[in-house]
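Heads up: the structure comes next, in structure tokens.
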Amino acid sequence: MKHIAILTCLNACGVCTGASCLRAWNRRERGFAPYAGEDASLEAFFHCGGCGTDPETDDGMLEKLDRLQSIGVDTVHTGICAVKDRETGELCPAIAKIQEMLRSRGIKTIVGTH
Ligand code: SF4
Ligand code: SF4
């Protein structure tokens with residue numbers, strides 16, 4: 001069984017309910033289409049630590065990553081709100097770093113939710 005989490009931009013929380021991410025998950029659409037018909041569970045929905053924080057020294061982020069690992073999350077999907085440049089697909093540097101940290105813990109990273 002797959003254990004999935006979603007990572008998003010903290011700034012987006014000011015205006016976003018996460019509904020589009022959850023709708024895509026519930027319907028196994030867009031970034032989640034590969035899980036259609038698969039036994040997969042959405043285990044967590046988390047955000048970066050905010051602009052100006054360094055994920056590598058942010059105790060809160062380290063705790064979040066520990067938690068994801070402890071519940072067996074194997075894949076983290078990053079939302080479109082964490083993409084800095086929609087033309088090139090370049091991620092916010094903080095998110096790119098969090099993805100590296102996830103991969104170093106053996107967790108797969110994918111860009112795309114809805
Ligand atoms: S660091 Fe990047 S992803 Fe996090 S709140 Fe700031 S802009 Fe959003
Ligand atoms: S990807 Fe879209 S729905 Fe998901 S948290 Fe970001 S802005 Fe909200």
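Every number for a ligand or one of its atoms is a count from 1 in the order of the listing. As the structure is a prediction and not an experimental result, all values here were calculated from the model.
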Give the numbers and elements of all ligand 2 atoms closer than 4.0 Å to a heavy atom of [X].
{"X": "Gly79", "result": "1 (S)"}
{"X": "Ile80", "result": "1 (S)"}
{"X": "Thr113", "result": "1 (S)"}
{"X": "Ser20", "result": "3 (S)"}
{"X": "Thr8", "result": "5 (S)"}

Tell me whether Cys81 has at least one N, O or S atom under 2.8 Å from atom 8 (Fe) of ligand 1.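 Looking at Cys81, which is the residue asked about, there is no N, O or S atom under 2.8 Å from atom 8 (Fe) of ligand 1.
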Quick one: look at Cys92 and ligand 1, take heavy-atom pairs under 4.0 Å, and tell me if it's side chain, backbone, both or neither. side chain
I need the contact type for Asn11 against ligand 1. Using non-hydrogen atoms and a strict under-4.0 Å cut-off, is it side chain, backbone, both or neither?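 Both of them.
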Measuring to atom 4 (Fe) of ligand 1, does Cys48 have an N/O/S atom at a distance below 2.8 Å? yes
Salt bridge or not for Lys97 and Asp54, using N-O below 4.0 Å? yes
Atom [atom1] of [X] and atom [atom2] of [Y]: how far apart are they, to the nearest 0.5 Å?
{"X": "Thr88", "Y": "Asp85", "atom1": "OG1", "atom2": "CG", "value": "3.5 Å"}
{"X": "Leu102", "Y": "Ile110", "atom1": "CG", "atom2": "CD1", "value": "12.0 Å"}
{"X": "Glu38", "Y": "Met1", "atom1": "CD", "atom2": "CE", "value": "10.0 Å"}

Side chain, backbone, both or neither: Cys16 near ligand 2, heavy atoms under 4.0 Å: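 Answer for Cys16: side chain.
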Relative to the ring of Tyr35, is the ring of Trp25 parallel (under 30°), tilted (30 to 60°) or perpendicular (over 60°)?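 Trp25 vs Tyr35 ring planes: tilted.
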Counting only heavy atoms not in Arg28 (residues, nucleotides, ligands), do more than 12 fall under 6.0 Å from its CZ?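 Result for CZ/Arg28: enclosed.
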Which of the numbered atoms in ligand 1 are under 4.0 angstrom from any heavy atom belonging to [X]?
{"X": "Ile95", "answer": "3 (S)"}
{"X": "Ala94", "answer": "1 (S)"}
{"X": "Leu10", "answer": "5 (S)"}

Among all protein heavy atoms in this structure, tell me which lies nearest to atom 8 (Fe) of ligand 1, with the distance rounded to 0.1 Å.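 Checked against all protein heavy atoms, atom 8 (Fe) of ligand 1 sits closest to Cys9 SG, 2.3 Å.
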Heavy-atom nearest neighbour in the protein, as seen from atom 6 (Fe) of ligand 1, with distance rounded to 0.1 Å: Cys51 SG, 2.3 Å
Would you say the side-chain atoms of His3 and Ser41 include a donor-acceptor pair closer than 3.5 Å? no
Close side-chain approach of Leu65 and Met101, heavy atoms under 4.5 Å: yes
Heavy-atom side-chain proximity of Phe45 to Leu7 below 4.5 angstrom: no
